[in-house]
Amino acid sequence: MMEAVVVPMEHGLLLAGFLFVIGLLGVMARRNVIFILMSLEIMLNACGLAFIVAGSAHGEADGQVMFMIILTIAAAEVVVGLGLVLQARRRFRTLDIDQASQLGG
Amino acid sequence: MNLILFYLAAAISLGSTIMAVTRYNPSHGLIYLIISLLASAIIFYLLGAPFAAVLEIVIYAGAIMVLFVFVIMMLNLGARGDETEHRWLNPAMWIGPSVLCVLLLGEVVYILLQTQQTLTGAAISPKAVGLELFGPYVLAVEISSMLLLAGLVGGYHLGRRFLVDARSGWVPDEADQ
């Protein structure tokens, strides 16, 4: 087993923060539903990275357990999200999320 | 040497993620996203989490991204989609959110730079993760299985050919099927 690197903890957390903000920006700025779902995946992945970094900082396995739970959530979320994309495409004829405004949002 | 690997993988991860959310074509964005996830897997391995690295490749870059590829293939967007994206992604649309996000990022950076702690540098074996997972966290495993079941039922329901709107009697026309 290779020895793990010894980087400052804040560098790992900074990377997770940068990735999360990129994903947040994608959710807010894009109108294409597929890109919004991809940005959600980026945000969940950034959360997982933060858990791994924290687990590595404390030398505990809990971080990886939380990462696996996030992975499960991401899988369940993407299944429902992509199913909704297919239905929305059939109904609205577009991937523009602003067209789905029947609730007055 | 491993330090260089870490920062290189971090740079690749950041760059490809930025590329992924700024592409016009969904399939191009998807390829960049896969590269970003692979870079994350390398980072996980370097941080001493080999099991998480394998899961990242098998489930994220494998299963979830393949799901995206299937949906993009089913939607069959074609060249027309690029022009629409050009129209949708005008600067007036993204400058406001970008400024707000960068402000938030500045706060995060400022807070994180207050702390000083290095990682332990000890690798955590899959065995330790498994013992933890089926020891204190066994309830979380059960909840995850319920969540996956809910996802399965939801995916089956939403993935059907069409859903008839019971209230308005909405039915998709034949050309769409």
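Proteins come first, then strands; the chains are lettered A, B, ... in the order of their sequence lines, and each starts at number 1.
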Participant: Should Val7(A) and Leu46(B) count as side-chain neighbours, where that means a heavy-atom distance under 4.5 Å?
Facilitator: no
Participant: Around atom OH of Tyr156(B), are there more than 12 heavy atoms of other residues, nucleotides or ligands at under 6.0 Å?
Facilitator: no
Participant: Please determine whether residues Ile143(B) and Met66(A) belong to a single hydrophobic cluster, defined as Ile, Leu, Val, Met, Phe, Trp and Tyr linked transitively by side-chain heavy-atom distances below 4.5 Å.
Facilitator: no
Participant: Can you tell which part of Phe18(A) gets under 4.5 Å to a heavy atom of chain B, answering side chain, backbone, both or neither?
Facilitator: both
Participant: Side chain, backbone, both or neither: which part of Leu75(B) has a non-hydrogen atom closer than 4.5 Å to chain A?
Facilitator: both
Participant: Are Tyr60(B) and Leu44(A) side-chain neighbours, meaning at least one heavy-atom pair lies under 4.5 Å?
Facilitator: yes
Participant: Rounded to the nearest 0.5 Å, what separates atom CG in Leu133(B) from atom CD in Gln64(A)?
Facilitator: 10.5 Å
Participant: Please report the closest heavy-atom contact between Ala29(A) and Trp94(B), naming both atoms and the distance.
Facilitator: CB-CB, 3.5 Å
Participant: Using the rule that Ile, Leu, Val, Met, Phe, Trp and Tyr join whenever any side-chain heavy atoms are under 4.5 Å apart, tell me whether Ile31(B) and Ile42(B) fall into a single cluster.
Facilitator: no
Participant: Could you tell me which of Ala140(B), Ser98(B), Ala128(B) has the largest number of non-hydrogen atom pairs under 4.5 Å with chain A?
Facilitator: Ser98(B)
Participant: Would you give the length of the straight line joining atom CG of Leu30(B) to atom CE of Met38(A), rounded to the nearest 0.5 angstrom?
Facilitator: 5.0 Å
Participant: Phe35(A) and Tyr24(B): which non-hydrogen atoms are nearest, and at how many Å?
Facilitator: CE1-O, 4.0 Å
Participant: My understanding is that only one of Leu82(A), Val79(A), Leu84(A) makes a side-chain contact (heavy atoms from CB on, under 4.5 Å) with Leu158(B); could you say which?
Facilitator: Leu84(A)
Participant: Heavy-atom pairs under 4.5 Å with chain A are the metric here; pick the option from Ala49(B), Gly130(B), Gly96(B), Gly151(B) that has the most.
Facilitator: Ala49(B)
Participant: With only heavy atoms counted, which part of Ile73(A) is less than 4.5 Å from chain B, the side chain, the backbone, both or neither?
Facilitator: both
Participant: Please list all pairs meeting side-chain hydrogen bond (donor to acceptor under 3.5 Å, both in side chains) that have one or both residues in residues 9-21 of chain B, counting only residues at least two apart or in different chains.
Facilitator: Thr17(B)-Ser36(B)
Participant: State which residues pass side-chain hydrogen bond (donor to acceptor under 3.5 Å, both in side chains) with Arg23(B); sequence neighbours excluded, sorted by chain then number.
Facilitator: none
Participant: Search all heavy atoms of Val129(B) against all heavy atoms of Val65(A) and return the closest pair with its distance.
Facilitator: O-CG2, 4.1 Å
Participant: What is the distance from atom CG of Leu49(A) to atom CD of Glu56(B), rounded to the nearest 0.5 Å?
Facilitator: 8.5 Å
Participant: Taking the ring of His11(A) and the ring of Phe6(B), is the distance between their centroids below 6.0 Å?
Facilitator: no
Participant: What distance separates Ser144(B) OG from Met68(A) CE, expressed to the nearest 0.5 Å?
Facilitator: 8.5 Å
Participant: Following the transitive rule for hydrophobic clusters with a side-chain heavy-atom cut-off under 4.5 Å over Ile, Leu, Val, Met, Phe, Trp and Tyr, establish whether Leu149(B) and Val78(A) coincide in one cluster.
Facilitator: no
Participant: Mind checking which of residues 64-72 of chain B sit less than 4.5 Å from chain A, heavy atom to heavy atom?
Facilitator: Ile64(B), Leu67(B), Phe68(B), Val71(B), Ile72(B)
Participant: Less than 4.5 Å to any heavy atom of chain B: does that hold for the side chain of Leu14(A), its backbone, both, or neither?
Facilitator: both
Participant: If every non-hydrogen atom of Asn45(A) is compared with every non-hydrogen atom of Ser40(B), which pair is closest and at what distance?
Facilitator: ND2-OG, 3.3 Å
Participant: Roughly how far, to the nearest 0.5 Å, is CD of Gln114(B) from CD of Glu10(A)?
Facilitator: 10.5 Å
Participant: Roughly how far apart are Ile52(A) CD1 and Ile124(B) CD1, rounded to 0.5 Å?
Facilitator: 8.0 Å
Participant: Could you note down all residue pairs passing salt bridge (Lys or Arg N to Asp or Glu O under 4.0 Å) where residues 14-42 of chain A supplies at least one of them, sequence neighbours left out?
Facilitator: Arg30(A)-Glu85(B), Arg31(A)-Asp96(A), Arg31(A)-Asp98(A)
Participant: Indicate the atoms forming the closest heavy-atom contact of Ser39(A) with Val21(B), along with that distance.
Facilitator: OG-CG1, 3.7 Å
Participant: For the hydrophobic clusters of this structure (ILVMFWY residues joined by side-chain heavy atoms under 4.5 Å, transitively), does one cluster hold both Leu100(B) and Val108(B)?
Facilitator: no
Participant: Just give me the residue among Cys101(B), Gly48(B), Gly155(B) that pairs up with chain A most often, heavy atom to heavy atom, under 4.5 Å.
Facilitator: Cys101(B)
Participant: Let's test your reading of the structure: which of Val80(A), Leu19(A), Leu24(A), Leu86(A) forms the most heavy-atom pairs below 4.5 Å with chain B?
Facilitator: Leu19(A)
Participant: Quick check on the interface: out of Ile69(A), Val53(A), Ile42(A), Asp62(A), who has the most heavy-atom pairs with chain B under 4.5 Å?
Facilitator: Asp62(A)
Participant: For the hydrophobic clusters of this structure (ILVMFWY residues joined by side-chain heavy atoms under 4.5 Å, transitively), does one cluster hold both Val138(B) and Leu131(B)?
Facilitator: no
